[in-house]
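The structure under discussion is supplied below as structure tokens; questions concerning it will follow.
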2 protein chains.
Amino acid sequence: MIKYESIAKDIQEKIEQGIYKPNDQLPFEAEMCETYGVSRITVKKAMDLLVMRGMVIKRRGSGTFVKNITLPANDEYSFSTSNQFSGFFHTEGHKDVRSEIKEFQIINPPEIVAQRLKITEEDFVYYIERIRYSEGVPNVVEYTYMPIDVIPGIKKDILEKSIYEYISEGLGLKIKSAHRTVRATLPTVQEEEYLEIEHCFPILEVEQVAFLDDGRIFEYSKSRHRGDKLELKTVSVQ
Amino acid sequence: MIKYESIAKDIQEKIEQGIYKPNDQLPFEAEMCETYGVSRITVKKAMDLLVMRGMVIKRRGSGTFVKNITLPANDEYSFSTSNQFSGFFHTEGHKDVRSEIKEFQIINPPEIVAQRLKITEEDFVYYIERIRYSEGVPNVVEYTYMPIDVIPGIKKDILEKSIYEYISEGLGLKIKSAHRTVRATLPTVQEEEYLEIEHCFPILEVEQVAFLDDGRIFEYSKSRHRGDKLELKTVSVQ
DNA sequence: GAGTGGTCTAGACCACCCC
DNA sequence: GGGTGGTCTAGACCACTCG
């Protein structure tokens, strides 16, 4: 559909298939213009996407090259947060992923949550507490708040699958961006039980405020992951 | 110098100064074209920069708005890794930041490090182990490997200041991007001593492979931070 | 000097939002 | 319908790398 996306996708696939190998030089921008029948700015935008994804590097005066790095390991539990959203869907779709809902209520949000969601303490939000299992092993406890005005119609069966799928496919809303803060902590007493760990066990906490396409905030959440089950990958490009 | 950067900088400053407040609508792109005397694509590129920095949001058909979020807290120990490099310099420049060098040698790299740096085990690298203190309190132990061919001339006094300053200003090299993996772990016995903590204390580990402008890898490092002293912020934009 | 990617222009059409 | 940002064009000049 969109030209620069399909060009980026084409090149990315060729890299993943090994047609272009690490350190290989990609075709020049001028060459790609002819190949794909587009203008140079469009090719440039496609390559900039791949730069943001950490897959290629550009050197003025030299060319564009496949990046010099072992590609994101296919760890089931790692999720990547470069500038695309791979990973926003929490590597759903893997075998044997299920959720156990511990709490599901509609409440007035605590002050801090109201601040983060930019709503008042009198508004209503879903409060969801769920444990996510992979291959039968508990990985993460998620504490999620979502304004009912923004995301109406959540039922228990949706939580057991993917909220994100419901938002994008069920409601036709587009997820746009997220601000995340990552910390290392220790589990609470309850989390020791939920995650089947001892007190002296590292927890990777990901606090997230997530935005829709139209600028509304639809989620404030804290995900507290077993330290041995999640690593978070990022690419930063200047 | 570069037009889109200076436009972005101008708008960013106005947001930080409160001239544009959260949820305010920014001038239309067409309007900014006149204000700054540039074409629309240039304005667009400037605004896209601010979108990547998580400062504004664009809505097709409506306009561009200041984002709806408490701005990155000025925690001394938090560093941000959106798509600019704020934070690459480890929030240096704060008062009372100093380093204690525990190891500084030139060695052949272990196999894993050689793989990450894309060199052979016969090449030479600096190996640096240092503790960084802020306000007299140990925050982080850094284990750093740098190829001597890429970053020549490191001396002990450079390590006590900022390696990054030496690379960019001393050597005239440009830092371009970094791949990071973040994990939560527990300290080693030695780190308990270095960081003045007990064994049961969360550690935020940041593993990093860093690239220069010209595509060369100049650093492989693991930074292991006291969990109570660092949080890592990211913005991901689709 | 030849060739690369970086920036920028002036203009066009489209998808989307709101009135 | 009028106006927004999204995509795209064809062409220009510049900064940089490399032989």
Side-chain angles (χ1 to χ4, degrees), chain A residues 1-9 11 23-52 55-67 83-84 171-177 211-216 237-238, chain B residues 1-11 23-52 55-67 83-84 172-177 211-216 237-238:
Chain A
M1 182 75 92
I2 292 171
K3 290 186 184 177
Y4 71 84
E5 272 185 2
S6 63
I7 295 170
K9 191 180 165 193
I11 299 290
N23 291 322
D24 274 5
Q25 180 160 16
L26 292 182
F28 309 124
E29 294 188 350
E31 204 170 322
M32 290 198 211
C33 293
E34 289 188 16
T35 307
Y36 298 102
V38 299
S39 76
R40 205 185 125 212
I41 285 190
T42 305
V43 166
K44 197 180 169 312
K45 199 163 179 185
M47 292 304 101
D48 285 345
L49 252 185
L50 296 187
V51 168
M52 286 201 299
M55 305 197 65
V56 307
I57 190 160
K58 299 202 273 192
R59 305 180 209 169
R60 171 148 42 169
S62 302
T64 305
F65 301 83
V66 178
K67 210 162 183 177
N83 264 48
Q84 83 272 37
L171 295 175
L173 299 173
K174 282 178 195 158
I175 297 170
K176 174 70 176 186
S177 68
F211 293 77
L212 292 175
D213 194 47
D214 61 9
R216 286 182 296 169
V237 178
Q238 193 175 37
Chain B
M1 181 76 91
I2 292 171
K3 290 187 185 177
Y4 71 83
E5 273 184 3
S6 63
I7 295 170
K9 191 179 165 194
D10 185 55
I11 298 291
N23 292 321
D24 275 5
Q25 180 160 15
L26 293 181
F28 309 124
E29 294 189 349
E31 204 170 323
M32 290 198 212
C33 292
E34 288 187 17
T35 307
Y36 298 102
V38 299
S39 77
R40 204 185 126 210
I41 285 190
T42 304
V43 166
K44 196 181 170 314
K45 199 162 179 185
M47 292 305 100
D48 284 345
L49 253 186
L50 296 187
V51 168
M52 286 202 297
M55 305 197 66
V56 308
I57 190 159
K58 299 203 273 192
R59 304 181 209 168
R60 169 146 49 169
S62 302
T64 305
F65 301 82
V66 178
K67 210 162 183 177
N83 264 48
Q84 83 272 35
L173 299 173
K174 282 178 196 158
I175 298 169
K176 174 70 175 184
S177 68
F211 293 77
L212 293 176
D213 195 46
D214 61 9
R216 287 182 295 170
V237 178
Q238 191 176 38

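Chain letters run A, B, ... following the sequence lines, proteins first, then strands; residues in each count from 1.
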Rounded off to whole Å, could you give me the CZ-to-P distance for the A:F28 and C:dA2 pair? 16 Å
In whole angstroms, how far is the C1' atom of C:dC16 from the NZ atom of A:K176? 13 Å
Between A:V56 and A:M47, what is the shortest heavy-atom contact and its length? CG2-O, 4.1 Å
How do A:R40 and A:M1 order along DNA chain D: which one's closest nucleotide is nearer the 5' end?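 Mapping each residue to its closest nucleotide by heavy atoms, the 5'-most match is A:M1.
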What is the separation between atom CZ on A:R216 and atom C1' on C:dC17, rounded to the nearest whole Å? 13 Å
Terminal contacting nucleotides, 5' and 3', DNA chain D versus chain A (heavy atom, 4.0 Å):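 On DNA chain D, the outermost contacted nucleotides are D:dT7 to D:dC18.
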In this structure, how many angstroms lie between the C1' atom of C:dG3 and the CE atom of A:M32, rounded? 15 Å
Rounded to the nearest angstrom, tell me the gap between atom NZ in A:K45 and atom P in C:dG5. 19 Å
Integer-rounded Å distance: C:dC17 C1' and B:K58 NZ: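 Taking atom C1' of C:dC17 as the reference, NZ of B:K58 is at 16 Å.
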Using a cut-off of 6.0 Å, state whether more than 12 heavy atoms not belonging to B:E34 lie near its atom CD.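 No, the 6.0 Å shell around CD holds no more than 12 heavy atoms from other groups.
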Name all pairs fulfilling the salt bridge (charged side-chain N to carboxylate O under 4.0 Å, His left out) condition that reach into residues 39-48 of chain B, sequence neighbours left out, sorted by first residue then second.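 Output for this query lists B:E29-B:R40, B:K44-B:D48, B:D48-B:K58.
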To the nearest Å, how far apart are B:R60 CZ and C:dC18 P?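 These atoms are roughly 13 Å apart.
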Is a donor on one side and an acceptor on the other found under 3.5 Å between the side chain of B:E5 and the backbone of B:L49? no
Interatomic distance, A:R59 CZ vs C:dG3 C1' [rounded to whole Å]: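 Distance, rounded to whole Å: 16 Å.
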Heavy-atom donor-acceptor pair, A:T35 side chain to A:E31 backbone, under 3.5 Å: yes
Report yes if the side chains of A:V66 and A:N23 come closer than 4.5 Å at any heavy-atom pair, otherwise no. no
Quick one: are B:K3 and B:Y36 in side-chain contact, heavy atoms under 4.5 Å? no
Just call it for A:K44: base, sugar-phosphate, or nothing, with non-hydrogen atoms closer than 4.0 Å on any strand. base
Starting at the 5' end of DNA chain D and moving along, which residue's nearest nucleotide shows up first, B:S62 or A:G61?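 The residue closer to the strand's 5' end, by nearest nucleotide, is B:S62.
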